[in-house]
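Inspection log for the structure reproduced underneath, given as structure tokens.
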Amino acid sequence: MKMESKLPPNHQVFHNRGFYYFTFIIPITLIYIAVFIFYYKNKSIPYFEEVGNNLPEKRFIEVAFNVCAWIMLTTLLTTDGAIQARNKKYQQMIYGNLLPKPDLKYSISRFFECIFAGITFLSCIAYGSILISDSMKYHFICGVIFLLSSSLYFSLVNLLFKMIRMNTKKEITPNDKSSICLIDWIHSTIAPICFIFAYLLKTNRIGISMDVHIK
């Protein structure tokens with residue numbers, strides 16, 4: 001007689017959440033390993049582009065950014081699917097069974113959202129590739145493209161979430177509001193702002209006084 005497992009679902013061997021956290025931690029871990037190796041060899045903390053120039057550090061950077069890119073691709077596709085599903089429900093709530101009117105603002109925003117999502121994915125892979133890392137000029141260009149395209153993508157996602165009243169509620173009502181807040185807009189723009197600040201520090205365009213006055 002065949003014995004069937006009566007374990008509840010929370011006792012299953014594979015958990016999607018665990019896999020998500022595992023893949024999320026891999027890129028960060030590999031990057032810190034590369035920084036540690038650089039510090040161990042040179043006794044100094046490197047600029048980020050310096051980590052990707054020498055072996056074996058740049059191998060860790062290559063793997064980290066490729067893993068990051070494929071995780072991002074899954075996230076980008078899932079987010080776009082959620083936007084389409086929510087927009088369909090929102091349109092049905094407004095127009096009922098009638099054919100919804102085409103929303104030009106939504107269509108244009110989603111079109112550019114998909115464009116910048118693709119650029120973000122490709123530039124992330126290019127930034128971590130071995131061939132690009134052999135040329136500092138193209139390595140730098142790909143990094144800037146990645147920062148700008150990802151920031152524009154997140155900004156457009158925020159805008160689309162506002163349009164379709166995206167939130168955690170399952171039922172949609174005319175009084176619904178999106179869950180987008182100030183922290184989401186800061187998140188979408190903080191990367192290029194920090195990059196510009198770091199670049200100005202590196203090129204001595206701005207300086208920070210580290211003088212300590214002892215009485």
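Throughout, residue positions are numbered sequentially from 1 according to the sequence presented.
Two residues are said to be in side-chain contact when any heavy atoms from C-beta on lie closer than 4.5 Å; T74 and W70 fail this criterion. A 4.5 Å side-chain heavy-atom check between W185 and F154 finds every atom pair outside the cut-off.
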Legend entry - Stepwise side chain to side chain contact (heavy atoms under 4.5 Å, CB included) test for I33 and F36: CA-CA 5 Å; I33 290 174; F36 176 79; 5.6 Å; no
Inset, instruction - Determine, stepwise, if the pair S151 / S188 fulfils side chain to side chain contact (heavy atoms under 4.5 Å, CB included). - result: CA-CA 5 Å; S151 295; S188 65; 5.6 Å; no
Legend entry - Stepwise side chain to side chain contact (heavy atoms under 4.5 Å, CB included) test for Y39 and I45: CA-CA 6 Å; Y39 180 81; I45 299 176; 4.1 Å; yes
Legend entry - Stepwise ring-ring contact (aromatic ring centres under 6.0 Å, His included) test for Y127 and F65: CA-CA 7 Å; Y127 185 78; F65 272 86; 5.0 Å; yes
Inset, instruction - Using the side chain to side chain contact (heavy atoms under 4.5 Å, CB included) rule, take T79 and Y153 through it: C-alpha gap first, then chi angles, then the decisive distance, then the call. - result: CA-CA 11 Å; T79 303; Y153 165 78; 3.7 Å; yes
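Distance check: E113 CD to L152 CG gives 12.0 Å after rounding to the nearest 0.5 Å. One finds the CE atom of M72 at 11.5 Å from the CG atom of L77 (value rounded to the nearest 0.5 Å). Atom-to-atom distance recorded for F146:CZ and I125:CD1 is 11.0 Å, nearest 0.5 angstrom. In this structure, the separation between CG on D184 and OG on S155 is 10.5 Å, given to the nearest 0.5 Å. Considering CG of L73 and CG of L122, their distance stands at 9.5 Å, rounded to 0.5 Å. Once rounded to the nearest 0.5 Å, the distance linking CD1 of I71 with CG of L76 reads 11.5 Å.
Residues V144 and L147 are members of one and the same hydrophobic cluster, defined by side-chain heavy-atom contacts under 4.5 angstrom among Ile, Leu, Val, Met, Phe, Trp and Tyr. Note on I186: it does not cluster hydrophobically with I193, by side-chain heavy-atom contacts below 4.5 Å among ILVMFWY residues. Hydrophobic clustering (side-chain heavy atoms under 4.5 Å, transitive across Ile, Leu, Val, Met, Phe, Trp, Tyr) keeps I190 apart from F161. One hydrophobic cluster, built from ILVMFWY side chains closer than 4.5 Å, cannot hold both F60 and F38; they sit in different ones. Cluster annotation: L55 is not connected to L30 through the hydrophobic network of ILVMFWY side chains, with a link wherever side-chain heavy atoms come within less than 4.5 Å.
Residues A34 and E57 approach most closely at O-CG, 3.4 Å, considering heavy atoms. When every heavy atom of A82 is checked against every heavy atom of M166, the shortest pair comes out as O-CE, 3.6 Å. Taking every heavy atom of both residues into account, R86 and R165 meet most closely at NH2-O, 2.6 Å. Smallest separation of non-hydrogen atoms from A126 and C142: CB-SG, 3.7 Å.
Not counting sequence neighbours, the partners of D80 by the side-chain hydrogen bond (donor to acceptor under 3.5 Å, both in side chains) test are Q84, R110. S149 is linked by a side-chain hydrogen bond (donor to acceptor under 3.5 Å, both in side chains) to T120, counting only residues two or more places apart in sequence or in another chain. The side-chain hydrogen bond (donor to acceptor under 3.5 Å, both in side chains) search around K162 returns none, not counting sequence neighbours.
Looking only at distances, no side-chain donor or acceptor of S109 sits under 3.5 Å from a matching main-chain atom of L156. Although no hydrogens or angles enter the test, the distance criterion places no donor-acceptor pair under 3.5 Å between the side chain of N158 and the main chain of I180. Judged by distance alone, the side chain of N87 and the main-chain N or O of I83 form no donor-acceptor pair under 3.5 Å.
Below 30°, between 30° and 60°, or above 60°: for F140 and F195 the angle between ring planes is between 30° and 60°, a tilted geometry.
The neighbour count for K88 NZ, taken as heavy atoms of other residues, nucleotides or ligands under 6.0 Å away, does not exceed 12.
Judged by the 6.0 Å and 45° rule, K43 forms a cation-pi pair with Y40.
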